[in-house]
**Student:** 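Once you've had a glance at the structure underneath, I'll fire off some questions.
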Amino acid sequence: MTTAQEVVSYAKSKLNQKVTVPTNPYGGQCVAFIDHIVQHFSDKNLAYTNAIDCLKKAKSQGLEVIYNNPNDVNLIPKSGDFFVMSSVASDGVDYGHIGVVVSADTRGMTTLEQNIDGYSDNNRNGINDQLEIGGGGYVRNNKRSYAGVTGWFRLPYDNKTGAINHNGEIYSSLTTHFNPNVMYSNLSKGVTGYSRMTIDRIVIHHNMTTDKNIAMQTWYESSKNWTSAHYEIADNEIWGCVGEQYSAFHSGDSTMNRRSIGIEHVNSTGAPGWKISEASYKSSAKLIVDICKRYKIPIDAKHIIPHKQVSATECPGGIDMNKLIKMAQDLSKGVTTTTKPAAKPTTFRVKVSVTDLNIRKSPSLKAGKNGVVKPGVYTITETKSADGYEWGKLKSGAGWIALKYTSKL
Ligand SMILES: [Zn+2]
């Protein structure tokens, strides 16, 4: 199972190395680094594409592509995404540039990139490595703003739920936006004795406003309100506010704050109803399922509780707790039933490093040849034993290869 964290840690393991792919003769190009990662984790590839064309290429391969919108400052990539930007080379051509996003906020991102400079002379022969076969640069850490960034794409993660690390803070990977302001938590100055306990409760709140920004502003340390929450739900948006590993100040009870995650919801109507939208119910149910799964919290009324059960308040206003819990329960059951059909053929990927591995029309040494496979990563959809070999059927339909000469990924 591939997760964004795996992609980032794999990319980090390549730091200070020249990463290449057999299909790119120009060595350590920025694209070669990303192509290598894409091939390592999937059966897709960028196959000798200029960086500037990688969004198009990713889209044509069925990968999720997000185009940057400079007017939407909150639209930012996630950890594990591959950003693509415009970059004009010395010959005046915009070949673009590409890298891996390690973390991102509204101001910019930390990245891992190969061949950042466009000029390098790592073998010190006085010739720009870019112009040499097998040239290129090395993988380095970098920081960037979003200037010139045209968009980003991501691999098809098998499981969209799970935790992500955003600038050192733990959030659900369902988080769509991150609020970059410092909010109240047990890290705040003057706070003692608020350390985190085992998380076994989710406390549900409403904002008492239909404006999510006004709601979130009240949690900033600068507001001096001494309140905060981990998440803000606003229709289809799930805002990360306080990392889950920290206590937020939302329930009015210090022990409950230490053992719970607080989810706030923007209202769709004002007093006296204080309702929330259907979209907010859906986002909230999704988030609840993800949190409960990760902390092994039962999805029931004992563990998903309204604020007013903890302290004297009308919160969470018009939020129907029974409805929300039922939606989360149904969703979590739906997740388990859709993953049930395990009768699907088991496919796996192998790496071919040799250059003369024959493709056979059928799984036998006597079968006719259908060329050779190039070094790279291939998906095997079926296996058979014959003539003393274990054979694997190539997903491309080209034929069968002897798995003895490959390594399983
Ligand atoms: Zn509340």
Side-chain angles (χ1 to χ4, degrees), residues 171-172 175 177 179 181-186 188 191 194 196-197 199-235 237-244 246-292 295 297 299-328:
Y171 290 103
S172 166
T175 310
H177 296 67
N179 190 312
N181 295 279
V182 181
M183 302 199 184
Y184 279 101
S185 75
N186 55 309
S188 299
V191 177
Y194 250 91
R196 211 68 169 123
M197 293 165 62
I199 298 167
D200 62 357
R201 292 289 186 278
I202 295 174
V203 182
I204 301 298
H205 305 268
H206 80 127
N207 290 140
M208 249 179 104
T209 171
T210 53
D211 185 330
K212 65 181 182 218
N213 294 315
I214 287 177
M216 285 189 277
Q217 276 160 25
T218 63
W219 311 331
Y220 298 173
E221 280 189 352
S222 56
S223 75
K224 308 265 191 270
N225 284 323
W226 292 93
T227 63
S228 62
H230 295 94
Y231 291 101
E232 166 73 9
I233 304 280
D235 299 324
E237 298 171 3
I238 298 176
W239 285 78
C241 296
V242 175
E244 291 177 8
Y246 303 117
S247 305
F249 300 172
H250 55 93
S251 78
D253 178 274
S254 64
T255 306
M256 184 53 74
N257 285 344
R258 293 172 61 200
R259 70 190 282 191
S260 68
I261 287 175
I263 305 179
E264 286 272 2
H265 300 75
V266 76
N267 296 100
S268 56
T269 67
W274 294 119
K275 294 201 158 97
I276 64 166
S277 70
E278 272 313 299
S280 287
Y281 272 106
K282 275 188 195 154
S283 300
S284 187
K286 256 194 334 194
L287 179 62
I288 288 168
V289 171
D290 176 49
I291 292 169
C292 289
Y295 295 97
I297 305 171
I299 305 175
D300 58 29
K302 191 184 163 196
H303 298 87
I304 321 293
I305 55 176
H307 183 182
K308 62 183 172 196
Q309 197 174 305
V310 185
S311 54
T313 171
E314 287 302 306
C315 183
I319 296 180
D320 183 340
M321 289 298 295
N322 291 333
K323 172 178 168 168
L324 182 59
I325 292 168
K326 175 81 170 46
M327 281 174 79

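Numbering of ligands and ligand atoms starts at 1, following listing order.
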**Student:** Under 3.5 Å, is there a donor-acceptor pair between the side chain of Ser228 and the main chain of Ala248?
**Tutor:** no
**Student:** Between Tyr194 and Phe249, is there a donor-acceptor pair closer than 3.5 Å when you use the side chain of the first and the backbone of the second?
**Tutor:**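 Such a contact is absent between Tyr194 side chain and Phe249 backbone.
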**Student:** For Asp300 and Lys302, indicate whether the former's side chain and the latter's backbone hold a donor-acceptor pair under 3.5 Å.
**Tutor:** yes
**Student:** Which pairs, with at least one residue in residues 208-219 and sequence neighbours excluded, count as a side chain to side chain donor-acceptor pair (under 3.5 Å)?
**Tutor:** Lys212-Glu237
**Student:** For the Zn ion (ligand 1), state how many protein N, O or S atoms fall inside a distance shorter than 2.8 Å.
**Tutor:** 3
**Student:** Name the orientation class of the two ring planes belonging to Trp274 and His206 (parallel below 30°, tilted from 30 to 60°, perpendicular beyond 60°).
**Tutor:**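 The rings of Trp274 and His206 stand perpendicular, inter-plane angle above 60°.
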**Student:** Check the pair Ser247 / Asn257 against side chain to side chain donor-acceptor pair (under 3.5 Å), numbers first and verdict last.
**Tutor:** CA-CA 6 Å; Ser247 305; Asn257 285 344; over 6 Å; no
